[in-house]
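Treat the numbers as computed from the prediction; the structure is a model and nothing was measured. By convention in this document, chain letters (A, B, ...) are assigned in the order of the sequence lines, proteins followed by strands, and residues within each chain are numbered from 1.
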Amino acid sequence: MPQVKLTGKFRAAADDADTLEIEARTIRELMTRLVERYPLMDQHLDAGIAVAIDGEIYRDNWSVEIPPDAEVFLIPRIQGG
Amino acid sequence: MGHDTSYTDQEFKVVGTRVNRPDGIDKVTGRARYGADAYAPGQLVGLFLRSPHAHARIKKIDTSRAEKLKGVKAVVTSADLPDLTDGNRGLLDILENCMARDRALYDGHAVAAVAAIDRQTAKRALKLIKVTYQVLPHVTDVDEAMKPDAPIVQEYVATDGLPSNVSQVNQFGHGDVDKGFAEADVIVEKSYKTEQTHQGYIEPHACLASVSPDGSGELWVTTQGHFGFRINCAQLLGMDMAKLKVTASEIGGGFGGKTHVWVEPVALALSRKANRPVKVVMDRDEVFKATGPTCSTSVDIKIGAKKDGTITAASAVLRYQNGAFPAIWGMLGAMTSFACYDLKNVKSVGYDVLCNRPKVAAYRAPSAPMAAFGVESTMDLVAEKIGMNPVDFRIKNAAKEGTLASYGPTYGPIGIGPTLEAVKNHPHMRARLGKNQGRGMACGFWFNFGGQTCTDLNIGLDGSVTLTVGTVDVGGSRASLCLIAAEELGIPYEQVKANVADTASLGHNDMTEGSRGTFSSGMATIFAARDAIEVMRSRAADMWEIPLDDVIWEDGQAKAVGKKHGNLPTLSLKEIAAKSPNTGGPIAGHNEVVADNAGVSFASHICDVEVDPETGATKVIRYTVVQDAGKAIHPDYVEGQFQGGAAQGIGWALNEEYIYGDDGRLQNAGFLDYRIPVCSDLPFIDTKILEIPNPTHPYGVRGVGETSIVPPLAAIGNAVSNAVGVRMDHIPMSPPRILKALEEQNS
Amino acid sequence: MAGVLVSTTINGDAVDFACPQDETLLDSLRDRVGLTGVKEGCGTGDCGACSITLDGRLVCSCLVLGVEANGREITTIEGMADGNKLHPLQKNFIEHAALQCGICTPGFLVAAKALLDRNSNPTEEEIRYALAGNLCRCTGYDKIVRAVQASAKEMRRKR
Amino acid sequence: MRYEAPTSTKEAAALLAKEKGKAYILAGGTDLIVQMKTGLIEPDLMVDIKHIQAMQTITTSASGTRIGASVTGAEMGENKRLKKTWPGVVEATNLIGSDQIQGRCTMVGNLCNGSPAADSVPAMIAARAKAVVVGKNGRRTVAVEKIVTGPGQTSLAKGEVIEAITLPKRPARSGDAYLRFIPRTEMDIAVVSAGVNLTLERGVVKTARIVLGAVAPTAVLVPAAARAIIGTKLDDAALEKLAAACSAACNPIDDKRGTIEYRTKVAGVLGRRAAKIAYQRAGGA
């Protein structure tokens, strides 16, 4: 089961948890499960989130598959110059 | 989709060569058309009335006399821009920034706009608009804004249920810093401040807006992302996105500042009201006062290390001034602060703080330079205390493949170690220094990102190739993209012509920001070209009447393979193109991709300065940039990015700053007193490109545009310290600040 | 606004335009003559993007009134190439990648030409000071100075 | 706005005297047009003096040098004789802005703009320059230091025009120099500046004038600084006294360009450095 680690403001939305175990095969499924468990997370999903899976950062592509024992980080979506 | 983005090691034929850019002749002959260079029949001149107060309630705006002035065709206030944002506060913030609603939130905040037949008339009309203000207390300093009794900038922002200027707090890191500091032999703790700077692009914001009574419209605009501008403008004005065609002009610099709408929605509103095209060109003082500079900051850094140089813990508290609207800049500062290092125990807390200053926008690797100034200055102090060479100290603690980044994920193959080794071995490090001269070095990090991208590639009857991209070319990316298309197709560079399409001609593309232009459009170009090659293989198979599997593509031509038809002459791209009408029609390739994993980027800079101890003036006498590019598609423009970022960082380090008076008004809104480096201020800037392939790009490309602005602040601070022995903790290190520090040291 | 008629020579051609008396030459050139290669970066003489020559003298066109141009000779970036043949500076700016966004390029070229016209063999320092009135925010000036050096060398050879 | 381009000084003076609205003289326009652009001034009349012959030339006679009011900085820099006689005055004028600005700016414009930080003014005052003023009552000659009375203010009456600046005949073994401090290497307004003009006799300073800019509402003549070096060979002790006198004469403000502290300290540094250059130019060791 993937270990999902939370940073920054996402911890606040998840009752201050820093690591969650969530069964999910894709980022989309992960997002769905997350909001089911923590409704406050919903506010961050539209534009505010990126997902790092084993070190690779995904911003928009929610179809990406999550390997079974992957390290997953939820990080804020960033802006650049 | 479905294309494999993995890096494959290959020999390049044209990628990596220094070809002439396709838009070069237009740009050296004055033919290239920028934001202010478009004209439309019957166009009006749009001008803005702006608040002279840092913070004021707008009690009344009387536009009646302006409206009556002959030649005035429209006057617009917030009443003409109703809130259509449906509870989306972020979007309402954008609208409110474009035109003040009940309050003016900073000096220069737009309160009204007029469209008139000429500039003189529009200017007179602005004088006839009467605004009744009730001046409110203001705050412009980030530390002041965090005090409990500070004036509140945005009433909807709260901390623990109480009105506050802190819009968010974000913490990153891992391990136990208390435990780590307890293990340290040496701890250095220091606070730093940096002042607000502007991107300082030479082209002011400009657009030509035209809205028809049927609700359709066109916008010609200088922007880093016309698709994003379309979304914002359509949403704010209640237009259909498909009915608003946005064309990106040539762009005269952006560096992040042209990723936001400022005047464009208002220009469209003026045009809609006047039913005439309206051209808006900002004056330079408006650019400084009312477009997005970067943050001013106040940061505290603490680093502990063992005598052998191992860092045991590092922490940072970072307070970033966001201007009058909530944003994410403190968060980014916290994410980037310790990204260069492999740390067991690390904690960064970023505060985003509102002030009565213009809305902050991204500025090249936004937020990273200020955090790096604090961290990299402190790194030198720790190295000094444990008696270790600062380069060796950094090498010992550098992040590497497998390091858990301080902002979360684990790194793949990265370039911080190699850039440091390159610095250590660079002849610059061994060059002799004279009196009052000193050398400093520092490291920098930027994420880089990709994003949504859509590209077309069309092959003409004569075999010439039109590459149509949707990412704005801010610094020569069309040359790089033509190189990539030529490489894939196996044809000469000159045979490809790249164009930036308007929003009606291509699917959505994210902004050119985050160092994504060449990375993401490059990836989409590779895949679009491979699509087109598949089409050409199939056409060749048809022309030869052989099975598709017996046709391969090599060196820009189709080759028949296999025993039966191995002796068929090859078919070139040109030959296949010429026959295309009879083999199935036009030949094209297309790709939509979310190009993720742009490959994190690291740089290490070396800098020599000479300080005049009697005046505090600092001159940069030698400068070297070492950065990982993954793969340099066009080395000239990669070097150009390195040099340009370094120059901006040098300006920031030494002289650039927003100076606000006690009245909350900006005192230096012009290029005379906002001092960006001039030609005689700088030496040649040496560059060294490292190529550590990004595993998730077919060519190994990493974004290269931003990281180069991150190290200079600290590199120069460290050099000044080594030159005259004072540790500067306030950016810019302007002559009065350096002289004061020298005098305090001497007394 | 009462306008006046101004008769000038621009890039060798006789050009008349009418403008209000308080209009800058920069605005006249761009909005009335259509020479939009002359750029506005600041309007206060601090960036050099609007550089032209007026009777052979390098000036910022934002600090000249349109009416002042009456009876005088102007050259702009549009007059720099000789037909299809680029000036060595133009060619070298492209070949040395001395431009990124390109907005400052016309001003730099006009100023660099003014320099090389009076000093065919400038030192690096002379080049840097002669171009100090032209701001570039993209390049850090490195490749610009190199392009000017290469042009000077090339032009000396041809002489 | 009305634009006029008279061909004589008298005509220019008459136009200015007659105008009921706000009238301005246009020479190089490098300050005036900026002020128009930024809305600081809204002229009703602008009188262009560049078509007046008497203002267009640099002439040298037995009594000294005369520089017409519309002579540009670039033209001064190209005049070898002027540069040799008055290197400090020329270098001060040549420091105004970029090459582009040099193509237009004038010393008289720099003076009449009334900025405390004007580069050419300390050098002119140090050189004992005089302004030739033409008005409806004829011509008068005024010491340059009497022209500016405060920031943006001059002693010129309505309808008066400066036609030229005159510099006195130069004794042998004289030298002048001007230095300013700016944060960049070019394109800035002086944060503090110093002009020095001196004459030697057998290597000893016989006469000297030292003037500071940007440290008070107008340029400041510092007789105490001159006294500190008169009679010396510019030894270190004399230079230190000069620097102290310069700093003591400062009455600056804190603003966006510099602090009181900074200006006071650096005025002494620049005074000392400029004196050394002037001394060398005068043939001192």
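Heavy atoms of B/Q641 lying under 4.5 Å from chain C belong to its backbone as well as its side chain. Residue B/E250 does not touch chain C at all, counting heavy-atom pairs closer than 4.5 Å. Both the backbone and the side chain of C/L131 come within contact range of chain B, each with at least one heavy atom under 4.5 Å from a heavy atom of that chain. Heavy-atom distances place no part of C/T44 under 4.5 Å from chain B, backbone and side chain included. When heavy atoms are compared at a cutoff of 4.5 Å, B/A646 does not approach chain C at all. Both the backbone and the side chain of B/I25 come within contact range of chain C, each with at least one heavy atom under 4.5 Å from a heavy atom of that chain. Proximity to chain C involves both the backbone and the side chain of B/D37, based on heavy atoms less than 4.5 angstrom apart. Of the atoms belonging to B/I251, it is backbone heavy atoms, and not side-chain ones, that fall under 4.5 Å from chain C. In this structure, chain B has heavy atoms under 4.5 Å from both the backbone and the side chain of C/L99.
A salt bridge links B/D673 with B/R675; the closest basic N to acidic carboxylate O contact falls under 4.0 Å. A salt bridge is defined here as a Lys NZ or Arg NE, NH1 or NH2 lying under 4.0 Å from an Asp or Glu carboxylate O, and C/E40 with B/R284 fails to meet this definition. With respect to the salt-bridge test (charged N to carboxylate O, under 4.0 angstrom), the residues B/R21 and B/D23 qualify.
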Output, in order, the C-alpha distance, side-chain angles, deciding distance and verdict of side chain to side chain donor-acceptor pair (under 3.5 Å) for B/Q224 and B/T512.
CA-CA 5 Å; B/Q224 288 176 247; B/T512 300; over 6 Å; no
With side chain to side chain donor-acceptor pair (under 3.5 Å) as the test, would you mind laying out the steps for B/E203 and B/T222 before giving the verdict?
CA-CA 9 Å; B/E203 180 200 30; B/T222 174; 2.6 Å; yes
Any chance you could lay out the salt bridge (charged side-chain N to carboxylate O under 4.0 Å, His left out) test for B/E639 and C/K143, step after step, and finish with the verdict?
CA-CA 9 Å; B/E639 290 163 3; C/K143 292 180 191 300; 2.6 Å; yes
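Among the candidates B/S477, B/G645, B/P683, B/G476, the residue making the largest number of heavy-atom pairs closer than 4.5 Å to chain C is B/P683. Ranked by heavy-atom pairs under 4.5 Å with chain B, the first of C/R30, C/K39, C/E95, C/H96 is C/R30. Chain B forms more heavy-atom pairs under 4.5 Å with one residue of C/L109, C/I127, C/V145, C/D46 than with any other, namely C/D46. Among the candidates B/F684, B/Y34, B/F671, the residue making the largest number of heavy-atom pairs closer than 4.5 Å to chain C is B/F684. The residue among B/F642, B/F255, B/Y623, B/Y201 with the most heavy atom pairs within less than 4.5 Å of chain C is B/F255. Between chain C and the options B/G71, B/A206, B/G200, heavy-atom pairs under 4.5 Å are most frequent for B/G200. Per-residue heavy-atom pair counts under 4.5 Å with chain C were compared for B/I685, B/D285, B/D283, and the maximum is reached by B/I685. Of the listed residues (B/G254, B/A36, B/A647, B/A32), the one with the most heavy-atom contacts under 4.5 Å to chain C is B/A36.
The aromatic rings of C/F108 and C/Y141 sit tilted relative to each other, their planes meeting at an angle between 30° and 60°. Relative orientation of the B/Y674 and B/F288 rings is tilted, given thresholds of 30° and 60° on the angle between their planes.
B/R33 forms a cation-pi arrangement with B/W220, by the criterion of a distance under 6.0 Å to the ring centre and an angle within 45° of the ring axis.
Listed here is the closest heavy atom pair of B/T259 and B/G256: OG1-O, 2.7 Å.
Looking at B/N20 and B/Y493, their side chains never bring a donor and an acceptor atom within 3.5 Å of each other.
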